[in-house]
Amino acid sequence: MLFRSESRPWLLPLLQDGIAEDSLLYFHGAILPLAQMVESTHYRLMSEGAEADAANAFALYSQLWQLFPSFCRECVDLEKALPFLEEVLKEKLEGGDLIRLHVCAGLMILLTEATERGLKGGIFNSMANSLFPVLFDLIYDEATSPSHQLSLLSVTAALVPVCDGSVSLATFRRILKRLISYFPKAEFPSLGESQRCASLAVAAAFVPELGEESLSQLMEVVGALAKNPHISIPCEKRILRLLHVILTEHPNFFTLDVVRRNWLAYLVHVPGTNSTTSASSKKWKLRCIAALLNSPIIDWEQLIQDSPSLLSLLALEATLSLKENNARARNAALDCLRALCNVAIGNSYVLVSTLAAGLASATPYMTSATVQALAFVLSLSGTHALEEEQFALLLSAILPLADSESVEIVKSVFAFARVVVHVLSLPELLAILPSLLTHLFATATHAKSKLRHSVAVLLERLIRKCGEDPVSDAIPPAYIK
């Protein structure tokens with residue numbers, strides 16, 4: 001029999017939520033021997049052919065290990081207990097079954113709390129030297145499932161901040177060698193794909209701890225990888241995420257020369273405008289561009305003067321991404337446009353005129369995206385950034401689009417009109433009110449039924465700002481019932 005009559009294994013799931021601020025040494029001395037006994041029973045039953053009892057034994061064994069994360073939560077004897085558990089944890093990580101996930105969950109709790117308490121070095125150096133080789137072998141192993149690989153990457157990232165710099169640097173150099181050894185080849189471009197992605201993900205975890213020399217080595221290797229014509233989209237996404245981490249953690253590393261020579265050209269010309277590129281890649285690309293644009297040490301005005309097409313390319317990429325289905329990609333596009341507005345302070349008309357070139361597009365997709373981008377830029381900079389004639393030209397280019405056959409374009413024009421109502425002062429709004437309402441009421445017949453709510457919202461805002469009489473007088477007589 002697996003259980004004696006007085007056994008109460010049903011208590012184990014209840015204990016998971018009830019354990020906190022407990023002793024890891026108790027887990028090592030009481031729970032672990034019991035788990036080892038049940039594991040031996042499981043293998044004995046398997047050898048005897050009693051598969052049902054063996055499955056029950058493994059379920060109990062798994063429940064015992066599920067207590068490990070609970071014991072790790074606010075444990076009172078971390079530094080004393082960890083040396084005793086090190087070899088056991090290493091063995092279970094190599095095991096390859098569900099126990100690995102329980103161990104990873106517990107280690108994440110331990111390492112996160114250690115980082116919050118400012119613990120570093122000492123026992124964690126010993127733990128890192130023991131676990132890093134195992135973690136890397138498992139991460140690079142193609143037999144490791146994606147869910148296990150993600151958990152192992154999380155543990156690796158959490159282990160880095162609690163190690164001394166010497167341990168991190170030595171381990172980082174090993175990762176760099178692996179990354180170089182997994183460069184894609186023309187004859188076998190997909191060979192080593194998961195290993196490349198894993199190397200980039202692990203390297204990103206080490207970025208906060210790296211000095212300038214190590215960062216330069218990393219950027220040199222990653223730059224060569226980024227230029228490889230056989231790189232895949234998942235690997236490209238990992239490069240962009242790594243670049244974003246570097247930009248966030250080491251903003252002063254990117255001097256003007258480095259940006260111009262290597263990474264700005266890559267970000268502009270990376271296949272982000274390709275329709276086959278994932279929204280996630282576009283998101284990270286735009287986040288990187290926004291981080292570069294917000295860098296305090298880069299003279300963007302001089303850079304744009306040296307490369308006049310640069311502003312157009314950046315604006316085009318952000319504008320197109322406003323139409324992405326992925327909400328995070330759209331938010332990244334807005335962040336990029338916001339950063340472009342900050343760069344163009346004092347010369348907003350250049351940015352507006354660059355964006356307005358998209359109004360001549362033959363596709364509703366590009367035209368509506370351009371109107372959305374102009375509305376967002378206008379909401380940020382206001383009309384004071386444009387001269388009166390420039391703003392009049394902008395209105396004369398956008399308002400007639402309300403008569404378009406594309407509902408997508410008409411909706412974007414109404415969104416632009418709401419921004420105009422918000423940013424204009426009362427005298428300025430009263431001056432353009434007749435023209436504004438004439439164009440908006442002249443929408444194509446097929447679009448009227450779909451835009452009733454938009455018309456109602458716009459009229460409500462106009463009445464609230466201008467008063468009922470001026471708005472009534474400005475409505476074309478043909479549309480008054």
Side-chain angles (χ1 to χ4, degrees), residues 319 322 334 337-338 341 344-361 364 367-481:
T319 300
L322 289 175
L334 293 176
L337 282 174
R338 187 180 289 108
C341 285
I345 287 177
N347 199 8
S348 297
Y349 184 66
V350 175
L351 176 59
V352 171
S353 59
T354 301
L355 289 171
L359 295 174
S361 172
T367 304
S368 60
T370 300
V371 175
Q372 286 182 345
L374 287 168
F376 183 71
V377 170
L378 186 63
S379 69
L380 292 176
S381 59
T383 57
H384 62 274
L386 302 175
E387 296 180 2
E388 186 175 345
E389 292 181 2
Q390 295 170 346
F391 183 67
L393 286 172
L394 185 62
L395 285 179
S396 65
I398 293 178
L399 292 181
L401 295 174
D403 194 26
S404 170
E405 292 295 321
S406 168
V407 177
E408 186 179 10
I409 293 177
V410 178
K411 286 183 177 180
S412 66
V413 173
F414 269 86
F416 178 83
R418 289 196 294 270
V419 173
V420 169
V421 172
H422 176 71
V423 300
L424 289 183
S425 64
L426 180 57
E428 292 172 331
L429 185 56
L430 289 173
I432 68 162
L433 194 56
S435 174
L436 179 68
L437 291 177
T438 299
H439 283 99
L440 295 180
F441 273 88
T443 54
T445 305
H446 73 280
K448 290 185 185 298
S449 60
K450 299 180 181 180
L451 295 168
R452 286 176 181 171
H453 179 69
S454 297
V455 173
V457 170
L458 184 63
L459 286 175
E460 182 183 352
R461 294 186 181 184
L462 284 170
I463 291 172
R464 193 180 300 161
K465 188 164 185 175
C466 303
E468 186 175 350
D469 291 339
V471 174
S472 299
D473 294 342
I475 295 176
Y479 301 102
I480 298 177
K481 295 183 179 179

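At distances below 3.5 Å, not a single donor-acceptor pair connects side-chain atoms of K411 with backbone N or O atoms of S368. Side-chain atoms of S379 come within 3.5 Å of backbone N or O of F376 as a donor-acceptor pair.
Applying the salt bridge (charged side-chain N to carboxylate O under 4.0 Å, His left out) criterion to E468, with sequence neighbours excluded, gives no partner residue. By the side chain to side chain contact (heavy atoms under 4.5 Å, CB included) test, L395 pairs with F391, L399, F416, V420, I432, sequence neighbours left out. For R418, the salt bridge (charged side-chain N to carboxylate O under 4.0 Å, His left out) test picks out no residue, with sequence neighbours left out.
Separating the CD1 atom in I398 from the CD1 atom in I409 is a distance of 11.5 Å, to the nearest 0.5 Å. Between atom CG of residue L394 and atom CG of residue L359 there is a gap of 7.5 Å, rounded to the nearest 0.5 Å. Between the CZ atom in R461 and the CD1 atom in I463 there is a gap of 13.0 Å [rounded to 0.5 Å]. Taking CG of L355 as the reference point, atom OG1 of T319 lies at 5.0 Å (rounded to 0.5 Å).
The heavy-atom pair separating L426 from C466 by the smallest distance is CD1-CA, 3.8 Å. For the pair A402 and H439, the tightest heavy-atom approach, listed with the atom from each and the gap, is CB-O, 3.5 Å. Across every non-hydrogen atom of A417 and L436, the tightest pair is CB-CD1, 4.2 Å. Taking every heavy atom of both residues into account, R338 and L380 meet most closely at CA-CD1, 3.8 Å. The two atoms that bring P470 and L433 nearest to each other are O-CD2, 3.8 Å, heavy atoms only. Contact between V410 and L401 at its shortest, heavy atoms only, is CG2-O, 4.1 Å.
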### Message
Assess the residue pair L378 and L374 against the criterion (side chain to side chain contact (heavy atoms under 4.5 Å, CB included)); give the C-alpha distance rounded to whole Å, side-chain angles, the decisive distance to 0.1 Å, and a yes or no.
### Response
CA-CA 6 Å; L378 186 63; L374 287 168; over 6 Å; no
